2 protein chains.
Amino acid sequence: MAATEKITIMDIARRTGLSKGTVDRVLHNRGEVSKKSYAKVMEAIQELGYEPNVFASLLAKGGKVLVAVLIPESEHGSFWELAASGIAQAAESVTAVGIDIVHFEYDQYDIESFRKASARMLDAHPSGVVMAPMFQGETEVLTEALQEQGIPYCFIDSKPDTNGYLSYFGMPLYKSGYLCADQLTGGHDVSAVLIVRIRRDRFRQSDPTVNRRAGFLDYMMENYPDCRIDNVFIQPNDPDDIDSALSAYFRLHPDVRHVVMFNSRIHLLVPYLERHPDPERRVVGFDNLKANMDALRSGTVSVLIGQRPDEQVRLAIETLAEYAIRGKQPQKKDHFMHMDILTPFNVEDY
Amino acid sequence: MAATEKITIMDIARRTGLSKGTVDRVLHNRGEVSKKSYAKVMEAIQELGYEPNVFASLLAKGGKVLVAVLIPESEHGSFWELAASGIAQAAESVTAVGIDIVHFEYDQYDIESFRKASARMLDAHPSGVVMAPMFQGETEVLTEALQEQGIPYCFIDSKPDTNGYLSYFGMPLYKSGYLCADQLTGGHDVSAVLIVRIRRDRFRQSDPTVNRRAGFLDYMMENYPDCRIDNVFIQPNDPDDIDSALSAYFRLHPDVRHVVMFNSRIHLLVPYLERHPDPERRVVGFDNLKANMDALRSGTVSVLIGQRPDEQVRLAIETLAEYAIRGKQPQKKDHFMHMDILTPFNVEDY
DNA sequence: ATTATTTCCGTTACCGTGCACGGAATTCAA
DNA sequence: TTGAATTCCGTGCACGGTAACGGAAATAAT
């Protein structure tokens, strides 16, 4: 497959009767070369099938490639902690080949902290940026700055409607709602389901749950149009509120056995659910946070639908590295990644 | 996280009052250095936190790293075709950093072809080898040769009971049978299931299906001890035989609605199953071959349990590259990887 | 025709390591 | 005390590419 090539810049210099300086100029087409020479060099490159030696190039250029990752703070047990661990993994695997990764965090509910993190990131002069777009306006500001400086960037998790990014890696949100509904019902008729939602302030611009809910509702509409859909809102940081909200609901609807949440916080329900066990209950949530997986193991949660923020991060970093090192554009722009179904029987290996 | 280090071999040479030649000698401890100098250099390395520049090293050493992959022929639509595609992916991502991959194939039913492929592989003098152990005796012969030459190797898919390998990447087979049983029954009581098996010759030494079957049977025993387990054997290359075998079985047991196969060939049943549709039937198989995924899409197969040969290959290659480039041992030897549950609702993104 | 500009190109000094070669310093044999 | 044999270590080139520098050739201006 791969040949044992050894054609160097000198080979093509000799072949064309020019010097390596000239060859280098056309390789990086930075001008100062006559049409004729340019053509000759290009031809020789084609014929000999020249490919630059990355090591030599990086060595001479004297740079490590630096990729910056700009994502929300990885609070303990949060979704972004998974992504952060993905950074560590990716770092592990790519630093071996001279790519450095810097990680910038911000408070996902605080625009100002995002601005500051962006600024610090730009100061690091990375050769590529991986980011999760949280604040639409600020994201635009940032991407414009990046484009101005010619720094390529990738989105993970979700993406805005702009177009200047190099690649996007994320989950198909609408479809994940659909899948969720199928796992919740197990293909059997269901008379009522409870959706637990988080009452959140309007800070966040991009909310993955709306698309998920849409997919979920469409599935239910199509397959079980008579199923009743209830909503209960909770305060994520107030255990008492969660407890009372659920208690109130289930007092009215003791027959409801299907519970779902569209964000990564299904673990918030665990205390209540464990105090009111029901072997027939079916609970489906998203994302393989540790707390969620524990709930799966204990049987409180039936199914988790997971994505791989770590893999998303890795792929984004690799894409950027590839681009920075050899200037290669990825073949696909948008990468919708697989959704993992986790049950008590396969959770151990995730 | 990562520092902007720039400590070179020269820095520590100056620091110790020695020359880079000497430093180099202790770095690769190839002798010809006095105790005293050795100690001084080691100390300086510690203090300055010296880390060799991979680029310069690779450049000087003049070599690309070459990783050989030795797996069964990737017949169209077969399991190993997935692995092969993984090689392509991995190649894509790692050639960027100077790692070359060579792919050697053999007929998994022909020991002689394995021997030849091994020989050709050794001739290529790879710096690392990824292999799937098919023939126990021959695998031993090969690994001995590799060890003699100091070439590290990784196993994927399954592994022998030896110990000299660098890493193993594969699926937990027993547990996959367990998971399979859970998906087949869907947690509901079942009175009878049909296991379709392939009557194969005794060429293959390692057969993943026996462990899977064991896990499956244990699950059934534990949860539904009264369930009847039937076995039907088919000839994989003879469609007529498959048809008649299944016809004969279902004539006797028209009530059986749960069908499972433990190898990657569930797609062989599709023609029969499609001619005798049954919306209540539940069919579970293994591995995301294209044909299997098509069957999933069409609804003939209910669930597939997939592994990622491509990811296994990638990880193995990365491990070897890491080891070859920086001599770093992986932290874990055996990597049991996650099992993916594929349903019609998430199959598209795999 | 001479000078001033451009345009184009060759030379050269790196980048950080690996390694061969030969010489200095040390030890051993006489 | 010399010469020979070791042990140790410094020098210098190679690896393939980058980019600054300056000069030759071609073109323009005077």
Side-chain angles (χ1 to χ4, degrees), chain A residues 3-42 44-45 48-65 95-98 100 127 324-327, chain B residues 3-42 44-45 48-65 95-98 100 127 324-327:
Chain A
T4 58
E5 71 240 58
K6 19 149 53 159
I7 308 135
T8 79
I9 210 175
M10 272 306 275
D11 290 321
I12 94 141
R14 271 191 290 272
R15 173 74 119 83
T16 55
L18 294 162
S19 74
K20 57 187 199 136
T22 306
V23 175
D24 186 66
R25 271 182 285 262
V26 352
L27 278 175
H28 303 75
N29 47 321
R30 66 176 125 95
E32 318 230 337
V33 173
S34 69
K35 302 278 177 208
K36 213 189 324 173
S37 303
Y38 186 90
K40 277 206 292 187
V41 170
M42 286 307 265
I45 288 178
L48 303 195
Y50 167 79
E51 286 199 17
N53 179 320
V54 194
F55 299 142
S57 177
L58 268 294
L59 175 59
K61 198 150 25 192
K64 318 202 91 176
V65 175
T95 48
V97 296
D100 268 1
S127 12
I325 295 181
R326 354 193 85 183
Chain B
T4 58
E5 73 240 58
K6 20 152 49 159
I7 306 137
T8 79
I9 209 175
M10 271 306 276
D11 291 321
I12 93 143
R14 271 190 290 272
R15 173 73 119 84
T16 55
L18 294 164
S19 75
K20 63 192 193 107
T22 306
V23 175
D24 185 65
R25 260 166 240 135
V26 352
L27 278 175
H28 302 74
N29 47 322
R30 64 176 126 92
E32 316 231 338
V33 173
S34 67
K35 302 278 178 207
K36 212 191 320 179
S37 303
Y38 185 90
K40 278 207 292 190
V41 169
M42 287 307 267
I45 288 178
L48 304 194
Y50 167 78
E51 286 199 17
N53 179 320
V54 193
F55 300 142
S57 178
L58 269 292
L59 174 59
K61 199 153 22 195
K64 317 201 93 175
V65 176
T95 48
V97 295
D100 267 2
S127 8
I325 295 182
R326 351 194 89 183

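Keep in mind the model is a prediction, meaning the values are calculated, not measured. The sequence lines fix the lettering, A, B, ..., with proteins before strands; numbering per chain opens at 1. Both backbone and side-chain heavy atoms feed into the values below; hydrogens, waters and symmetry mates do not.
Atom NZ in A/Lys40 sits about 14 Å away from atom P in C/dC8, given to the nearest Å. The CD atom of A/Glu32 sits 13 Å away from the C1' atom of C/dG10 (whole-angstrom rounding). Per the geometry, CD1 belonging to B/Ile12 stands 13 Å off P belonging to D/dC9, to the nearest Å.
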Steps toward side-chain contact (heavy atoms from CB on, under 4.5 Å) verdict (B/Ile7, B/Glu51): CA-CA 7 Å; B/Ile7 306 137; B/Glu51 286 199 17; over 6 Å; no
Full working for side-chain contact (heavy atoms from CB on, under 4.5 Å) between A/Leu27 and A/Ile45: CA-CA 9 Å; A/Leu27 278 175; A/Ile45 288 178; 3.6 Å; yes
Stepwise side-chain contact (heavy atoms from CB on, under 4.5 Å) check, B/Asn53 with B/Thr8: CA-CA 8 Å; B/Asn53 179 320; B/Thr8 79; over 6 Å; no
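Heavy atoms of B/Gly31 sit nowhere under 4.0 angstrom from any nucleic acid atom.
A/Thr16 contributes a side-chain N or O that, together with a main-chain N or O of A/Ile12, makes up a donor-acceptor pair within less than 3.5 Å.
A distance of 7.0 Å separates NZ of B/Lys40 from NZ of B/Lys36, quoted to the nearest 0.5 Å. One finds the CZ atom of B/Arg25 at 11.0 Å from the NZ atom of B/Lys20 (value rounded to the nearest 0.5 Å). Note that CD1 of A/Ile9 is 9.0 Å distant from OG of A/Ser19, once rounded to the nearest 0.5 Å.
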Intra- and interstrand pairs of DNA chain D - dot-bracket, Watson-Crick/G-U under 3.5 Å, | marks other strand: |..|||||||||||||||||||||||..||
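In terms of phosphate contacts, A/Thr22 brings no side-chain nitrogen or oxygen within less than 4.0 Å of OP1 or OP2 of C/dC9.
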I'd like a table of atom pairs between the protein and nucleotides 15-20 of chain C - only N or O on both sides, under 3.5 Å - with the distance next to each one.
residue: C/dC15; atom: O2; partner: A/Ala60; partner atom: N; Å: 3.3
residue: C/dG16; atom: N2; partner: B/Ala56; partner atom: O; Å: 3.4
residue: C/dT17; atom: OP1; partner: B/Tyr50; partner atom: OH; Å: 2.8
residue: C/dT17; atom: OP1; partner: B/Asn53; partner atom: N; Å: 3.3
residue: C/dT17; atom: OP2; partner: B/Ile9; partner atom: N; Å: 2.7
residue: C/dT17; atom: O5'; partner: B/Tyr50; partner atom: OH; Å: 3.3
residue: C/dT17; atom: O4; partner: B/Lys20; partner atom: NZ; Å: 3.3
residue: C/dG18; atom: OP1; partner: B/His28; partner atom: NE2; Å: 2.8
residue: C/dG18; atom: OP1; partner: B/Ser57; partner atom: OG; Å: 3.3
residue: C/dG18; atom: OP2; partner: B/Asp24; partner atom: OD1; Å: 2.5
residue: C/dG18; atom: O6; partner: B/Lys20; partner atom: NZ; Å: 2.5

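Here A/Lys6 does not pair with A/Asp11 in a salt bridge; the nearest charged N to carboxylate O distance is not below 4.0 Å.
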